[in-house]
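Since the structure is predicted, the reported quantities are computational estimates derived from the model, not experimental observations. As a basis for the values below, the full set of heavy atoms in this structure was taken, side chains included, without hydrogen atoms, waters or symmetry mates. Whatever order the structure lists them in is the order used to number ligands and atoms, beginning at 1.
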Amino acid sequence: MQTRCRSLPSGLLAALALIALSPVTEAAEPPAPYGPVPSPRQLQWHALEFYGFLHFTVNTFTDKEWGYGDESPAVFAPTDFDADQIVGVAKGAGMRGLILTAKHHDGFCLWPSEYTEHSVKNSPWRDGQGDVVREIADACRRHGLAFGTYLSPWDRNHPEYGRPAYLDYFRNQLRELMSGYGPLFEVWFDGANGGDGYYGGARETRRIDRLTYYDWPNTRQIVRDLQPGASMFSDAGPDVRWVGNEKGIAGDPAWSTLNRDDFAPGEADEKRLNRGDRPGTHWLPAECDVSIRPGWFYHSSEDDKVRSPHDLLDLYYKSVGRGASLLLNLPPDRRGRIHENDERSLRAFRALLDATFAEDLARGAVVSASNVRGDADRFSPAHVLDGDRQTYWSTDDGLATPELVLDLGDTVTFNVVSLREYLPLGQRVEDWALDAWEEGAWREFAKGTAIGNRRLWRGSDVATDRVRLRITKAPVCPALSEMALFLEPPKARPE
Ligand code: FUL
């Protein structure tokens, strides 16, 4: 059969010629997102990875973990409070933010709240003129750290706790914190709720209905309205989930997604929170909260129980290295400073981290892939080496198990591999494996499951001039933004 040629207008012909000449790069579209994807505020939160918690209140002075709510504001009397020292130690450790207990369960407010007398305004510290929240927030800004607040929903001091009037009080306090201290990166709502307490002198046990009492949808809206960039934490998010333990350890895997509506604050299925749900209905990544000491608050009896640098490093691999974030608690002492022992351990921990991650041994490698989406530069495997989280390697639709090879030129020895997915397209990879070229053949030296924000593999030394990454299971084509190789020196190896 003959096709009849009709003559085309010259303008259209020129346009067609242009299309034919233009590189395929223009034509290749990014892959469709898979499953739930992170919001812009969650993406900002993912970039922090490691930040600190400050547990500080009357408990620091009464040697308790949970104050009953009957403590006199007079007990809050730090002798040498120094926000720059506290924030400086956190920064020196590599933390990118700090979350302060503005109010813990005892109800004592570290800021001069207009709605209660139970606060720093009735403490001898700074003659009642002090504001710990302001000083820490300002110091964070000076040092370039993000700032966030912890406001305990449970309040063992307030007379109306458990009744409707308390909700108004809680929301007023939330408004004060959300509007008075600049942009916050995270707002922390604890799951511990209801029990015995002072409650304005009643000294009784009060229970609440965790699902309805705080009217969470409307309470959270206050945060959304006043702090649109802040991620909210609770057992059930809505932006960041509890990891299901206070040991700082994420599951392996710890999927960044969860069937969020199965959960409510204080109603946690710890195993599921630890691992997440795949594919999950919501993007809800895990945060690993853990203290550098046995307690959350400072106790001099724990001065010799500070986690060692190696222990902190292990936590880093088991939290950040599994796609979660690490929220490490540093309790200010009775002076209002981070204790020397904690500072020493943090410094040494940072030195171990730097000794490993200062040099990416894959930079400069020649990278090739079994497939490149649309043969387009924009999806080239070179993007896994460019140090830019916004660029990625991807493959054609339907090619979900491709391979990528790094040709290192010379033999390189490494024992840590870092992988990252391009998160705006969702969590795509389910299984992967790494091979080294040894004596004329590929040898598999590592394999794993979830990648997400970051996957750190840490193992024995591998010496090779070629490394291969195989995506071995994925429902859709991958979108990988980083592959890096590091050599952890002997002094940083697990003890
Ligand atoms: C828990 C609280 O009860 C602890 O005191 C601490 O604040 C920890 C981070 O969360 O649920």
Here the atoms of ligand 1 under 4.0 Å from any heavy atom belonging to Phe53 are 9 (C)
**Between His104 and Ser152: side-chain donor-acceptor atoms closer than 3.5 Å** = no
Atom 3 (O) of ligand 1: closest protein heavy atom, distance to 0.1 Å, is His105 NE2, 2.9 Å
Whether Tyr150 lies under 4.0 Å from ligand 1, heavy atom
yes
Between the side chains of Glu488 and Tyr317, is a donor N or O closer than 3.5 angstrom to an acceptor N or O? yes
protein heavy-atom neighbour closest to atom 5 (O) of ligand 1 works out as His104 NE2, 2.9 Å
Heavy-atom proximity to atom 1 (C) of ligand 1, picking from Asp190, Asn329, Val290, points to Asp190
**Request:** Taking the six-membered ring of Tyr169 (Phe, Tyr or Trp), confirm whether the NZ or CZ of Arg163 is under 6.0 Å from its centre and within 45° of its axis.
**Result:** no
Ligand 1 to Glu246, heavy atom cutoff 4.0 Å, flagged ligand atoms 1 (C), 8 (C), 10 (O), 11 (O)
| said: Just checking Phe108 against Phe56, ring centres under 6.0 Å apart? | reply: no
Would you say that Arg203 contacts Asp70 through its side chain, given a criterion of any heavy-atom pair below 4.5 Å between the two side chains? yes
key: Check: His55 ring centre within less than 6.0 Å of Phe53 ring centre   = yes
Nearest non-hydrogen protein atom to atom 7 (O) of ligand 1, with distance, is His55 NE2, 2.7 Å
